[in-house]
There are 2 protein chains.
Amino acid sequence: MIRIMKYGEVSNDEIFDRAMPTVNVTDKVAEIIRSVRERGDEALLEYTEKYDGAKLESVLVTPEEMEEALTQITPEFMAILEKAAANIRKFHSRQVRNSFIINDEPGVVMGQKVIPVDRAGIYVPGGTAPLSSTVLMDVIPAKIAGVKEVVLTTPPGKDGKINAAILAAAKVAGADRIVKAGGAQAIAALAYGTESVPKTDKIVGPGNAFVAEAKRQVYGVVSIDMIAGPSEILVAADGKSNPAYLAADLLSQAEHDKVASAVLVTDSMELAEKVRDELEKQIPQLDRAEIARISIDNNGKIIVADDLRTVIDIANEIAPEHLELCVDNPFDWLDSIRHAGSVFLGRNCPEALGDYLAGPNHTLPTQGTAKFSSPLSVDDFVKKTQYTYFTRDALAAVAEDVAAFARMEGLTGHARSAVIRTMESEA
Amino acid sequence: MIRIMKYGEVSNDEIFDRAMPTVNVTDKVAEIIRSVRERGDEALLEYTEKYDGAKLESVLVTPEEMEEALTQITPEFMAILEKAAANIRKFHSRQVRNSFIINDEPGVVMGQKVIPVDRAGIYVPGGTAPLSSTVLMDVIPAKIAGVKEVVLTTPPGKDGKINAAILAAAKVAGADRIVKAGGAQAIAALAYGTESVPKTDKIVGPGNAFVAEAKRQVYGVVSIDMIAGPSEILVAADGKSNPAYLAADLLSQAEHDKVASAVLVTDSMELAEKVRDELEKQIPQLDRAEIARISIDNNGKIIVADDLRTVIDIANEIAPEHLELCVDNPFDWLDSIRHAGSVFLGRNCPEALGDYLAGPNHTLPTQGTAKFSSPLSVDDFVKKTQYTYFTRDALAAVAEDVAAFARMEGLTGHARSAVIRTMESEA
């Protein structure tokens, strides 16, 4: 059963500490990365046989496999994929940034150019749930950013095939190459390249402990989005909320994973108790009841605070991946919400809406990293370059200042390079 | 003497490989971080005595120390600091992003808010060169981003004092708190907080191997800008360039550090040889001749290619921190430059101009990471939050699609939370 705590009556650690799953796979992952770096496709195929039980001839999905997969998708589901993709495109298109130029002094031109990375790698987990929504959420921003080649990698089933819904989503989103590999070996291939997998510049997407550790180890060789922890929801709700709705929302997170966390923060003890009872009623009705039960009992919390202001303060301190704000006028509080990955406002906005269809991204900062990290966006697939142009006269006007500054720092070579062009005769 | 290589006649490794200094300080840094985390200021003071030779009573710079430092700065240098700060502010103000809102369907409001991090930590190296320019470059973007508290940390001298020029720059830039600490211990304090140093959310700034390793180890607990490698310049120049200017520019980089790298890529063997001779002539004239000599001999390269197009291709593959493009019409080539931290266009734009005064940032991606990383900017000090609002009718219109998508992924709890609000009677 979920635990109810009164804020101020338990220690702050009990309110704010997160279960941080620690699996030490550092050495194993280092070994996998080394092998893939040294032996390329050969190592990739070996690991796929070992970990996924699939004996493959090639690590790449063929056009024929894609065609076959598409025949297995109903027109109805295809339409939902297209609708979700259209919403995701609409939202993410607004993230596209312009380059800028500054040219308000004679002979001085400066600016910043926004340039997509050459290649992006998208990791999509395998396992029991085929996350075709993650395919859309991670590939579409890369394509909107203008990335020429988007490489998607996901582990195959024992039959050597990729789930048809994943392939259909990859088609809709516009992935350019699909690799049948999972775990640390897939991340290694994206970071260093193999015969079949091109080296990419940015690797994004959620994954298990092996994937997270591999991303940590290749960080610097390539860019990564984040090290994702277990999924989280924080529902902030007033006493007028419907307990059945809130319980359903908490369980939508809890069913993900035994280590997922679902937290309700409210100003009403009455609601707290009703939601607790609703959870007990609803858990047995879930297909994934066993997972949800463990998640709720181990990581679930109901925190009761004195007023809504304190509820919001607690939410900011926790900085959850998903934040639902179930109150009458949610926009009244929007300016107070500082730290959360994705915010769902009002009584009619369950997180599931954002997981699939609304348009904002569902790859989000976990473990309190929303204090400094952002949802996956077009920004993840671009980088900026500055440029500066001065005419000889413009340089002459500032060269002595530059040289004086450089000398102050003891860097006379810098000083010399600033003045040499205007000291001597013109080139 | 610098080495001249003909592109195509030597191996690609000789052209593209970088000297990657590897100092293994992992365990030492882990120990320092652990100590500061456990013992706070006490540990910080101990390490400062041990590594910087300064016995301090407090780790914070007092208002009296700031006042005293300002009396040591000439009005002329203060004016240069102010001028540089104004240029940096002007450039970085253009990086400020607006939040956006999408509201083109009935009952649906979505958007993205841009929010500054609560606190930022800026590391400024100590040592022989007091990098007051780095203070301006790293503090100003944080303040423009709207960060409420910017904490600057830099190691004191043996006398327990911070260089006056550093303090003056901190004043001009608007740093809110100045900490006398360097190395891994300073990074640990910024990541975890001590009695005197508040925990920050983002740590930026260059440093030695200890600082780089400490940033790597606290990555995830806080955000970091990048793991900086040795400084680099690549000068791309045509045969009409003035060899004396180019040699001065190469040396402005080489004087930084024995591991700094200075590379000239040109389509003219004649220029290559002249620059080589100029380097030999100019090195002895430098105050830091010994450092420059080692840098040029060990890491310097002159690469001669057949034409300018190939010169640009080589520059993109190397993706240098600083790129000078010394040709007649540099804007003709701007679209071809894809990977570089900061680009200096034309014959009158030495890198030193950008190091101090022009306005673009000088904290830049090194070691080829310009392929996926950006100059330090206002973006480093903000994060984004998404929000979504649906009315009950808007939810009802899509709930079945959301549920169908969720069921396809095997997540029936998600499906239930999408439909429960519109299935049952209104709350």
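In what follows, chains are A, B, ... by sequence order, proteins preceding strands, each numbered from 1.
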Exercise. Chain A: which of A79(B), A165(B), A340(B), A394(B) shares the most heavy-atom pairs with it under 4.5 Å?
Worked result: A340(B)

Exercise. S417(A) and E351(B): side-chain donor and acceptor closer than 3.5 Å?
Worked result: no

Exercise. Counting heavy-atom pairs under 4.5 Å to chain B, which of H339(A), M226(A), K202(A), K83(A) comes out on top?
Worked result: H339(A)

Exercise. Is the CZ atom of R216(B) crowded by more than 12 outside heavy atoms at less than 6.0 Å?
Worked result: no

Seminar exercise, completed: Of L323(B), L325(B), L81(B), D118(B), the largest count of non-hydrogen pairs under 4.5 angstrom with chain A goes to D118(B)

Exercise. Picking from E76(A), H256(A), E255(A), Q285(A), which has the most non-hydrogen pairs under 4.5 angstrom with chain B?
Worked result: E255(A)

For this session: Without swapping roles, check the side chain of K384(A) against the backbone of P375(B) for a donor-acceptor pair under 3.5 Å.
Result: no

Exercise. Are any side-chain N or O atoms of R416(B) and backbone N or O atoms of L251(A), one a donor and one an acceptor, separated by less than 3.5 Å?
Worked result: no

Exercise. Taking every heavy-atom pair that is under 4.5 Å apart, which of L286(A), T369(A), D355(A), I337(A) has the most such pairs with chain B?
Worked result: D355(A)

Exercise. Would you find a donor on one side and an acceptor on the other, under 3.5 Å apart, between the side chain of Q112(A) and the backbone of Q95(B)?
Worked result: no

For this session: Drop me the distance from E105(A)'s CD to K90(B)'s NZ, to the nearest 0.5 angstrom.
Result: 4.0 Å

Seminar exercise, completed: chain A shares the most heavy-atom pairs under 4.5 Å, among A403(B), A406(B), A404(B), with A406(B)

Exercise. Hey, what do you get for OG (S99(B)) to CZ (R94(A)), rounding to the nearest 0.5 Å?
Worked result: 10.5 Å

Exercise. Can you find a pair of side-chain heavy atoms, one from Q367(B) and one from V221(A), that are under 4.5 Å apart?
Worked result: no

Exercise. Is chain B contacted by the side chain of E400(A), its backbone, both, or neither, given a heavy-atom distance below 4.5 Å?
Worked result: neither

Exercise. At what distance, to the nearest 0.5 angstrom, does CG of L353(A) lie from CZ of F405(B)?
Worked result: 12.5 Å

Problem set entry | Exam field: side chain H414(A) to backbone S252(B), donor-acceptor pair closer than 3.5 Å | yes

For this session: Mind telling me whether F331(A) and Y387(B) have parallel, tilted or perpendicular rings, with 30° and 60° as the class edges?
Result: perpendicular

Problem set entry | Proximity breakdown for L136(B) and chain A, heavy-atom pairs closer than 4.5 Å | side chain

Problem set entry | Side chain proximity check, R97(B) to D379(A), heavy atoms < 4.5 angstrom | yes

Exercise. Who wins among L246(A), V382(A), D104(A) for the most heavy-atom pairs under 4.5 Å with chain B?
Worked result: D104(A)

Exercise. Among T388(A), I102(A), T385(A), whose side-chain contact (heavy atoms from CB on, under 4.5 Å) with P360(B) holds?
Worked result: T388(A)

For this session: Determine whether M408(B) and I80(A) make a side-chain contact, defined as any pair of heavy atoms from C-beta on separated by less than 4.5 Å.
Result: no

Exercise. For Y245(B) and I420(A), which heavy atoms make the closest approach, and how far apart are they?
Worked result: CE2-O, 3.9 Å

Exercise. Can any side-chain N or O of K371(A) pair as donor or acceptor with the backbone N or O of V222(B) at less than 3.5 Å?
Worked result: no

Seminar exercise, completed: Greatest number of non-hydrogen atom pairs under 4.5 angstrom with chain B, of G111(A), G346(A), P330(A), falls to G111(A)

Problem set entry | Residue among P350(B), A415(B), A352(B) with most heavy-atom pairs under 4.5 Å to chain A | P350(B)

Exercise. Using non-hydrogen atoms only, which part of A370(A) is less than 4.5 Å away from chain B: side chain, backbone, both, or neither?
Worked result: backbone

Problem set entry | 4.5 Å side-chain heavy-atom contact, T412(A) and R288(B) | no

Problem set entry | Heavy-atom side-chain proximity of D249(A) to R421(B) below 4.5 angstrom | yes

Problem set entry | Q386(B) side-chain N/O to V343(A) backbone N/O, donor-acceptor pair under 3.5 Å | no

Seminar exercise, completed: Rounding to 0.5 Å, atoms NZ (K113(A)) and CG (L334(B)) come to a distance of 4.5 Å

For this session: Apply side-chain contact (heavy atoms from CB on, under 4.5 Å) to V117(B) and R338(A), showing your working.
Result: CA-CA 9 Å; V117(B) 299; R338(A) 291 185 55 79; over 6 Å; no

Seminar exercise, completed: Of the listed A254(B), S373(B), G354(B), S132(B), the one with the largest count of heavy-atom pairs under 4.5 Å with chain A is S132(B)

Exercise. Is the F381(B) to F372(A) ring centre distance short of 6.0 Å?
Worked result: no

Exercise. Do Y389(B) and F344(A) make the cut of ring centroids closer than 6.0 angstrom?
Worked result: no

Exercise. Out of curiosity, Q253(B) CD to L411(A) CG, how far, rounded to the nearest 0.5 Å?
Worked result: 10.0 Å

Exercise. Does any heavy atom of chain A fall under 4.5 Å from the side chain of V109(B), the backbone, both, or neither of them?
Worked result: side chain

Seminar exercise, completed: From the list T391(B), L131(B), V108(B), N163(B), the residue making the most non-hydrogen contacts under 4.5 Å with chain A is L131(B)

Exercise. Among G220(A), A292(A), S342(A), who wins on heavy-atom pairs under 4.5 Å with chain B?
Worked result: S342(A)

Exercise. Non-hydrogen atoms of chain B under 4.5 Å away: do they reach the side chain of S223(A), the backbone, both or neither?
Worked result: both

Problem set entry | Structural part of F100(A) lying under 4.5 Å from a heavy atom of chain B | both

